[in-house]
Amino acid sequence: MFGDGKGNGMVSKVAENIPNEFMSFQHLGVMKDGVEETGQQWTNAFEDYRLKADGNKTELTVTMDVEEEYINYFEKTWPKALEILKELAEK
């Protein structure tokens with residue numbers, strides 16, 4: 001589960017993992033107030049991360065199945081999250 005520490009988040013499983021290249025998460029539902037809600041919102045949505053080496057740099061590509069109503073949210077939050085990931089990776 002990807003959670004906020006307060007019983008809310010995404011219920012997911014690793015669908016595929018190729019170390020240092022690719023990871024895919026299959027979302028199964030959501031967690032609200034500590035209760036799993038599967039088979040509804042986000043069911044079978046995928047979130048994929050692909051790494052590609054380019055000399056001494058690494059390119060990260062993220063693709064995600066997103067419902068229309070959440071596009072604006074992710075357009076605002078992904079850049080912030082990816083900046084934190086970049087900082088961690090460069091340490």
Side-chain angles (χ1 to χ4, degrees):
M1 180 181 111
F2 298 100
D4 65 1
K6 299 175 185 174
N8 302 298
M10 301 291 296
V11 178
S12 308
K13 72 175 184 176
V14 176
E16 186 174 356
N17 180 16
I18 303 170
N20 303 313
E21 289 183 31
F22 179 76
M23 182 166 279
S24 178
F25 296 96
Q26 180 182 7
H27 298 303
L28 306 173
V30 296
M31 178 79 75
K32 291 184 180 177
D33 298 320
V35 178
E36 286 188 23
E37 296 180 8
T38 57
Q40 298 174 31
Q41 189 178 34
W42 295 101
T43 300
N44 291 318
F46 285 85
E47 185 172 336
D48 300 331
Y49 297 81
R50 185 171 307 279
L51 297 170
K52 181 180 176 186
D54 182 15
N56 61 354
K57 296 180 182 180
T58 302
E59 178 182 335
L60 169 64
T61 303
V62 180
T63 56
M64 184 175 179
D65 297 329
V66 179
E67 295 179 19
E68 186 75 28
E69 65 187 281
Y70 293 102
I71 290 175
N72 287 338
Y73 170 79
F74 285 107
E75 285 178 343
K76 292 176 184 174
T77 58
W78 270 116
K80 295 174 188 176
L82 294 175
E83 186 60 36
I84 293 169
L85 178 62
K86 181 179 184 279
E87 289 173 15
L88 291 170
E90 290 177 343
K91 287 186 178 182

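Owing to the predicted nature of the structure, the values given are computational and were not obtained by experimental measurement.
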Handout entry: Rounded distance [0.5 Å steps], CG in N17 versus OH in Y49
Key = 13.0 Å
Problem - Nearest-0.5 Å distance that lies between atom NZ in K52 and atom CD in E59 - result: 6.0 Å
Fill in the blank from the handout: Tightest non-hydrogen contact, residues M31 and V11, listed as N-CG2, 4.1 Å
Problem - Least distance between heavy atoms, N8 atom then K32 atom - result: OD1-CA, 3.3 Å
Practice task
State, with a plain yes or no, whether a side-chain heavy atom of D65 is found less than 4.5 Å away from one of E47.
Solution key: no
Practice task
May I ask you to test the L51-F22 pair for a side-chain heavy-atom distance under 4.5 Å?
Solution key: no
Problem - D4 atom CG: more than 12 heavy-atom contacts under 6.0 Å - result: yes
Problem - Any donor-acceptor pair under 3.5 Å from D48 side chain to T63 backbone - result: no
Problem - Same apolar cluster: F46 and L28, side chain cutoff 4.5 Å - result: no
Practice task
Give a yes or no on whether V62 and I71 share a hydrophobic cluster (residues Ile, Leu, Val, Met, Phe, Trp, Tyr; joining criterion: side-chain heavy atoms under 4.5 Å apart).
Solution key: yes
Practice task
Dump the intermediate steps for side chain to side chain contact (heavy atoms under 4.5 Å, CB included) on R50 and L60, then the final yes or no.
Solution key: CA-CA 6 Å; R50 185 171 307 279; L60 169 64; over 6 Å; no
Contacts under 3.5 angstrom, residues 74-91 side chains, donor-acceptor by atom type, not counting sequence neighbours:
residue, atom, partner, partner atom, Å
T77, OG1, Y73, O, 3.0
K86, NZ, E90, OE2, 3.1

